[in-house]
Amino acid sequence: MNAIPVCSNSAFEVYTNACRTSPMLEHRDKPSTGISLYRWDLKPIKEVRIPRNGEVTVAVHLGGDSRVRVFTENGISEQYSRPGDITLVPSGQPIKYLIDGSVDFATIHFPASAANIFGKNFGDDLLKLRHCLFAVRDDYVIASVKSLFNLVNSPSLLSKRSARSALESLSWHLLRRVSEEAFEPVLLPDQSSGMPSRNEARRFSMVVAEIQLRLDQQLKIGDLADVAGMGRTAFCEQFTKYFGKSPHRYIVEQRISKAKQLLRESSFNITDIAYELGFSSASHFSASFKSTTGMTPREFQLNQKLGA
């Protein structure tokens, strides 16, 4: 198996590009450890895709949107991250968030050199984290990060030394929590671009079931994307690749297929069928039917009677 390439950009560059903003505050520990802390004010944006990079990241949810979710291998997470939660992301793991509003959050980044803060025989459970731990409640981390913000803003030497000590204590606390507590990991897509191919059949079978259930309604692509656990653009791309046609074309064809079935039953007239299948009018239905089958609904119905 080929090794997964790690993005050469630093965590700082990755998050700055993904969040489309510069951090409000930043603090870097001594070069010997390389640990860095940033505070971000994320404006309302539906999706935030964080590419893989070479550092373990702890995202600290301080305030703002209380319904942040992530895209997992099986779709959008049922669990939410709320203010007061932290998320630990392994090195080399991309992650994509679904966000409904603005978010105040911090990120703490641990490169491989952070092992120097723990010593030779410690640190692997955190620095070689295997799976994402999403939305873990941790009051100590929240309080420590807020305290670090105050210390970093102070120019005094004592504050700088206190910040160093606080960051070290925070690092040991995170290591202890990962090592000693059994958290349920969240399995994230591991592809470097797009959505994962794994479980595609399951994803799209759910979408197809939703389409069949709501053929009589005005289906929105965004709603179907949510069922699949994807963003709208990624959903359209992956759906088209999977089925060989766009979601809109697929829906139309499913409606026409159902229309053929109803047209074979003499108790249904064309106007009834049009509204039964969610078309805006009988003329819209007729135009869609002809573009798909090469004949109008009435011609199809007549052919069925003649063939009988």
Side-chain angles (χ1 to χ4, degrees), residues 4 6-7 11 14-15 18-19 40 42 45-101 103-110 124-142 145 170 173-204 206-207 225-231 234-235 238:
I4 297 174
V6 174
C7 176
V14 166
Y15 274 79
C19 297
W40 309 88
L42 187 62
I45 181 172
K46 185 165 185 179
E47 290 180 18
V48 178
R49 186 191 298 264
I50 309 294
R52 57 169 50 98
N53 62 83
E55 302 179 8
V56 173
T57 296
V58 181
V60 185
H61 193 164
L62 298 167
D65 183 16
S66 61
R67 293 170 61 85
V68 175
R69 294 188 287 176
V70 291
F71 289 82
T72 74
E73 286 186 342
N74 295 316
I76 300 175
S77 64
E78 296 182 2
Q79 185 179 5
Y80 294 97
S81 174
R82 308 178 189 277
D85 290 344
I86 66 172
T87 295
L88 294 91
V89 186
S91 169
Q93 171 67 67
I95 185 170
K96 186 162 72 166
Y97 295 95
L98 181 65
I99 299 173
D100 290 332
V103 180
D104 179 11
F105 75 106
T107 55
I108 310 167
H109 303 280
F110 294 86
D124 279 1
D125 287 343
L126 175 62
L127 300 179
K128 297 182 180 180
L129 189 68
R130 296 184 60 188
H131 298 298
C132 177
L133 303 178
F134 176 64
V136 176
R137 177 64 47 166
D138 197 309
D139 294 336
Y140 179 87
V141 172
I142 299 295
V145 166
L170 178 57
H173 169 81
L174 289 167
L175 174 61
R176 182 193 64 78
R177 289 216 67 183
V178 172
S179 301
E180 298 180 3
E181 301 189 36
F183 297 111
E184 186 70 26
V186 175
L187 301 180
L188 304 176
D190 57 8
Q191 289 186 198
S192 60
S193 62
M195 293 301 295
S197 57
R198 191 181 303 176
N199 291 324
E200 274 187 338
R202 179 178 179 274
R203 289 175 185 274
F204 290 123
M206 293 168 61
V207 172
D226 286 343
V227 171
M230 301 181 184
F235 170 72
Q238 294 298 318

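Throughout, residue positions are numbered sequentially from 1 according to the sequence presented. Since the structure is predicted, the reported quantities are computational estimates derived from the model, not experimental observations. The basis for the numbers below is simple: all heavy atoms, side chains too, and nothing from hydrogens, waters or symmetry mates.
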query: Thr72 and Leu187: side-chain contact (heavy atoms from CB on, under 4.5 Å), yes or no, with the steps?
result: CA-CA 6 Å; Thr72 74; Leu187 301 180; 5.8 Å; no
What's the spacing between [X] [atom1] and [Y] [atom2] if we round to 0.5 Å?
X: Thr87; Y: Ile95; atom1: OG1; atom2: CD1; value: 6.0 Å
X: Leu88; Y: Phe134; atom1: CG; atom2: CZ; value: 12.0 Å
X: Leu62; Y: Ile86; atom1: CG; atom2: CD1; value: 11.5 Å
X: Glu180; Y: Leu175; atom1: CD; atom2: CG; value: 8.5 Å
X: Leu188; Y: Ile50; atom1: CG; atom2: CD1; value: 12.0 Å
X: Gln79; Y: Arg69; atom1: CD; atom2: CZ; value: 11.5 Å

query: Any donor-acceptor pair under 3.5 Å linking the side chain of Arg82 with the backbone of Ser66?
result: yes
query: Okay, side chain of Arg52, backbone of Pro94: is any donor-acceptor separation there less than 3.5 Å?
result: no
Do [X] and [Y] make a side-chain contact, defined as non-hydrogen atoms from C-beta onward lying under 4.5 Å apart?
X: His131; Y: Gln93; result: no
X: Gln238; Y: Phe204; result: yes
X: Pro83; Y: His61; result: yes
X: Tyr80; Y: Asp85; result: no

What is the minimum heavy-atom distance between [X] and [Y], and which atoms define it?
X: Asp226; Y: Ile76; result: O-CD1, 4.0 Å
X: Val58; Y: Phe110; result: CG2-CE1, 3.9 Å
X: His109; Y: Ala11; result: ND1-CB, 3.3 Å
X: Asn53; Y: Glu55; result: OD1-N, 3.0 Å
X: Val14; Y: Pro51; result: CG1-CD, 3.5 Å
X: Leu98; Y: Glu47; result: CD1-CG, 4.3 Å

- prompt: Please walk me through it: do Arg177 and Leu133 pass side-chain contact (heavy atoms from CB on, under 4.5 Å)?
  reply: CA-CA 11 Å; Arg177 289 216 67 183; Leu133 303 178; over 6 Å; no
message: Applying side-chain contact (heavy atoms from CB on, under 4.5 Å) to Tyr97 and Val70, what does each step give before you reach the verdict?
response: CA-CA 4 Å; Tyr97 295 95; Val70 291; 3.5 Å; yes
message: A quick test of your reading: do over 12 heavy atoms of other residues, nucleotides or ligands sit less than 6.0 Å from CZ of Arg176?
response: yes
- prompt: Within a reach of under 6.0 Å around CD of Glu181, are more than 12 heavy atoms found that belong to other residues, nucleotides or ligands?
  reply: yes
task: Would you kindly say whether Asp138 and His173 are connected by a side-chain donor-acceptor distance under 3.5 Å?
output: yes
Test side-chain contact (heavy atoms from CB on, under 4.5 Å) applied to Phe105 and Ser81, step by step: CA-CA 11 Å; Phe105 75 106; Ser81 174; over 6 Å; no
